[in-house]
Amino acid sequence: MRLEQELKKRFGFDSFRPGQEDVVRSVLDGKDTLAILPTGMGKSLCYQLPGDLMDGLVIIVSPLVSLMEDQAASIRRRGEKRVAAVNAFMPSDERRQLFAEIGTVKFLFISPEMMTRPDMTRFLSSQHVALLVVDEAHCISQWGFDFRPDYLRLGDFIRKAGNPVILALTATADGRVEKDILGYLEMSDANVFRQSLNRPNLYYAVQRAAGEQEKNRWITERLTTTSGPGILYVSSRKRVEELTALLQGHGIRIASYHAGKEAGDRQMIQQQFLSGELAWICATNAFGMGIHKDDIRQVIHDQMPASAAAYVQEAGRAGRDGKQSSAVLLYVPDDEQKVRFIVQHDLPDEAQTAHYLAMKKNGEAAASAAEFAGISETGARLIDYYGEHGGGTAVTEIFTGLRFDKEEKLRQMIGYAAGQTCLRSKLLHYFGEEPAREQIPCCSVCGDMAETWLESALPAPGERAFLPYEERIRLLLC
Amino acid sequence: MKLSSLILKIAEKMDGQRSLNGCLHVLRGKRSGQTLQDADTFSVKPYFSLLPKLSEAAFTEAAGALRSRGLLAEKEGLLELTDAGREAAAALPEYRFDGWNYRGREAVFFQRLQLVVQTFSQLRDGQNSFLPITNDRTVQQFVRRLIPVKKESWPETAGQLAEELIAAIRASGMSDLQAALFSHRLTGAGATGWTWEQLEEAAGEPRNSLQLEWLEALHRLLAIAETPQAENAMPHLHKLSESIRVETPLTGSAAATKKLFDKGYSLEEISRARQLKTSTIEDHFTEMAANVPGFPIGLFVTEDDQQAVRLMVSDGDVKRLRLLKEAFPHLSYFQLRLVLSTMKGEPPV
Ligand SMILES: [Zn+2]
């Protein structure tokens with residue numbers, strides 16, 4: 001088949017991006033496929049194009065409601081209207097309506113929780129499923145940085161649905177995660193495509209600081225003298241608000257973004273960022289998935305994330321347009337303890353697990369049992385899942401293993417921040433890739449660069465003032 | 001506009017008859033027989049359900065501020081206005097809330113409006129694909145129906161909408177601040193809407209106060225857009241206000257109870273069929289008595305007893321259930337509430 005013609009006809013592109021064509025061909029050949037493509041490499045085309053050419057329903061399992069909505073909207077934008085998204089927040093009458101009209105749907109986005117409900121499994125497996133896409137497939141692995149136990153139940157669906165072709169997509173997967181994906185999704189004879197994670201146009205830097213004061217000074221200096229668009233990643237909502245206020249005080253066009261903000265406000269901040277009305281976003285890691293902004297010049301981390309995989313993903317949002325960009329990690333040796341606390345706190349310990357299970361046995365609802373035992377929602381989900389699959393002692397053992405693994409991942413991240421060798425090569429090494437070829441600019445270890453590509457052209461921002469309402473309404477509509 | 005001003009307004013109406021909690025329930029729009037009935041009895045329907053997510057802490061703080069300014073006092077668990085409080089309440093502007101009839105659905109009206117304005121704005125700039133401000137599918141479908149098929153008529157429709165908005169804002173009597181908030185929450189090409197933080201910065205007032213201003217502005221606009229005259233004068237806005245007003249003021253659960261009652265089920269049978277406590281079903285009946293014209297209250301309370309209770313209430317200003325119960329020991333609380341809920345009118349001054 002002349003795939004490039006179809007690509008041109010349906011998407012208007014002249015050629016595939018690296019890695020896409022192999023994946024599309026593999027899926028069209030009816031082979032189970034695992035594609036590990038760096039963020040921003042056009043993952044969704046890998047199922048949209050074959051989906052168009054295949055008979056039957058394409059189901060896309062996606063972990064985040066916002067991500068799902070966003071992808072569904074982007075398919076609609078290219079004129080494909082046979083798209084629907086179903087998640088737990090959807091009212092049941094809407095859901096029923098969707099089922100009644102399932103024949104008119106080609107691409108169905110669904111959350112893993114929804115998908116694995118018995119009624120949903122029954123219904124969907126009675127449909128002709130041409131392709132099952134598992135997006136963010138690393139979520140299936142407890143070794144992934146974003147483990148979601150519900151993904152583990154997909155295997156059951158796959159069997160019931162008569163083994164449709166599976167396409168698993170992820171941006172990051174080391175060897176262990178890859179093995180988990182193939183195993184749990186029962187893809188024994190799959191094609192695996194791995195695109196290098198190296199991003200030649202990113203300059204990696206670690207900036208040491210003595211403490212928070214110095215971090216604040218450095219960030220302020222940096223944002224007042226270099227240009228955006230940029231994302232400043234911060235570990236807590238509180239710090240997001242603090243830093244935003246500090247930087248706004250210096251006249252920087254920056255806004256805060258985290259999951260605690262009202263949906264409308266989040267949407268407006270995104271749009272202001274896309275349109276250039278804002279130069280910076282100060283955000284928790286809730287920001288970024290599904291953001292299509294190619295000209296982000298810098299991504300700065302106020303504190304290291306919990307793993308190299310998370311770092312690669314977040315820093316990788318810079319420079320999607322291929323132009324020179326920067327990824328800076330601020331590092332205070334104290335950070336290790338803070339991150340360790342957050343990471344380990346995510347997992348319930350033995351006493352908490354016992355407490356939780358006892359409360360549940362006494363008829364307490366899962367949510368309140370978790371609250372009483374002082375464990376996170378994710379923690380409770382983990383106990384529920386492993387409890388079902390092996391009982392109480394197994395749970396403790398598994399958590400010990402997970403805790404050990406998280407510590408190891410954090411050590412990698414510390415190794416990156418504190419180390420004395422090429423940052424780029426180190427990231428690649430973590431994912432089993434060969435060291436990078438020498439390049440200039442490379443990273444702050446290979447040679448500190450004046451980041452001339454970030455020359456500042458900051459317009460002096462004025463005081464924020466209202467337009468008269470008639471004027472603003474006419475500005476919008478006339 | 002401060003939360004404490006709203007509390008003062010409500011306290012003025014419930015003066016000496018209800019606890020502070022009764023006031024919180026009204027603002028939150030609690031769907032209990034008691035609160036629904038209070039809303040009616042004390043004519044505080046405009047404030048009903050204005051702030052469904054109002055936190056206890058914020059409420060207590062605002063009430064505390066009134067107390068420490070010597071405007072509000074509590075006696076035997078009942079809130080009372082001081083003389084200063086009464087003066088302060090009288091000095092407040094007249095608000096045009098209509099919480100009872102909109103019940104938070106003004107947000108849907110605004111989402112529709114926001115999306116319509118955004119769509120026309122983006123289309124004008126030739127951007128046929130954009131991130132919609134809301135992901136709500138029902139809102140999206142509603143708005144899609146409003147976009148004319150013919151591309152040539154887009155600019156004209158957009159211009160009409162602009163004129164309608166400006167005219168409606170003028171006619172609504174909203175303040176300059178309210179008009180500014182309203183117009184800057186709208187979003188479109190080259191003029192993205194402002195977040196609440198950005199509005200705070202420009203207005204120099206805290207968000208909670210701005211959000212109340214905004215809410216009242218929406219109620220004012222809706223009141224204009226809904227009128228039959230608006231169908232010709234501002235057809236687009238009129239369309240956007242469609243089915244925002246709550247048709248049946250009964251709560252979902254009470255409506256289900258009503259269905260069975262209409263089929264001839266008794267209170268006990270309904271309780272069994274719905275597997276709900278008798279007291280819950282009684283709440284539903286009270287709600288029905290207050291809202292459904294012609295509800296046969298005579299099935300539950302004799303005509304004589306109804307008369308007697310009504311007389312006592314209107315003569316003696318007694319609206320507290322406990323006192324009524326003492327006067328009518330042979331009547332149950334349920335029967336007393338039923339009678340009260342059918343009594344309309346201003347509370348005693
Ligand atoms: Zn290097």
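Hydrogens, waters and symmetry mates play no part in the numbers below; they use all other heavy atoms, side chains included. Letters A, B, ... are given to chains in the order of the sequence lines, protein chains preceding strands, and every chain is numbered from 1.
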For the backbone of B:Ala180 and the side chain of A:Arg472, can you confirm whether one donor and one acceptor N or O come within less than 3.5 Å of each other? no
To check you understand the geometry: which heavy-atom pair defines the closest contact between B:Thr195 and A:Gln272, and what is its length? N-NE2, 4.4 Å
Within the structure provided, determine whether B:Leu186 and A:Leu477 are in side-chain contact (heavy-atom separation under 4.5 Å). no
CD1/A:Ile269 to CD/B:Glu197 distance, rounded to the nearest 0.5 angstrom? 6.5 Å
Do the non-hydrogen side-chain atoms of B:Leu181 and A:Phe466 ever get within less than 4.5 Å of each other? yes
What distance separates A:Glu470 CD from B:Leu165 CG, expressed to the nearest 0.5 Å? 11.5 Å
Which atom of A:Cys478 lies closest to which atom of B:Ala162, heavy atoms considered: SG-CB, 3.8 Å
Whatever's closer than 4.5 Å to a heavy atom in chain B on A:Gln97 counts as neither
How would you list, by chain and number, every residue that makes a ring-ring contact (aromatic ring centres under 6.0 Å, His included) with B:His236, sequence neighbours excluded? none
With no hydrogens and no angle check, do the side chains of A:Glu277 and B:Thr192 hold a donor and an acceptor under 3.5 Å apart? yes
Atom CZ of B:Arg96 with >12 non-hydrogen neighbours under 6.0 angstrom: no
Taking atom NZ of B:Lys2 as the centre, does the number of heavy atoms from other residues, nucleotides or ligands within less than 6.0 Å exceed 12? no
The reported gap from CZ in B:Arg170 to OH in A:Tyr469 (rounded to nearest 0.5 angstrom) is 4.5 Å
Just by distance, no angles: are the side chains of A:Gln248 and B:Glu201 close enough, under 3.5 Å, to form a donor-acceptor pair? no
When heavy-atom pairs shorter than 4.5 Å are enumerated against chain A, which of B:Trp194, B:Trp196, B:Phe120 gives the highest number? B:Trp194
Evaluate whether atom NZ of B:Lys259 has more than 12 neighbouring non-hydrogen atoms of other residues, nucleotides or ligands under 6.0 angstrom away. no
Excluding sequence neighbours, so at least two apart, what forms salt bridge (Lys or Arg N to Asp or Glu O under 4.0 Å) with A:Arg78? A:Asp52
Between A:Leu467 and B:His184, is there a side-chain heavy-atom distance shorter than 4.5 Å? yes
Which residues satisfy the salt bridge (Lys or Arg N to Asp or Glu O under 4.0 Å) test with A:Arg237, sequence neighbours excluded? none
Please state whether the side chain, the backbone, both or neither of B:Leu199 comes within less than 4.5 Å of a heavy atom of chain A. both
Residues of residues 258-267 of chain A with a heavy atom under 4.5 Å from any heavy atom of chain B, in residue-number order, are A:Lys261, A:Glu262, A:Gly264, A:Asp265, A:Gln267
Which bit of B:Thr157 comes within less than 4.5 Å of chain A, counting heavy atoms only: side chain, backbone, both or neither? neither
Exam field: side chain A:Gln271 to backbone B:Ala191, donor-acceptor pair closer than 3.5 Å: no
For B:Gln114, is it the side chain, the backbone, both or neither that has a heavy atom under 4.5 Å from a heavy atom of chain A? side chain
Looking only at B:Pro155, B:Gly188, B:Ala158, B:Pro132, the option with the highest number of non-hydrogen pairs under 4.5 Å against chain A is B:Ala158
Value rounded to 0.5 Å, distance of OG in B:Ser121 from CG in A:Leu476: 5.0 Å
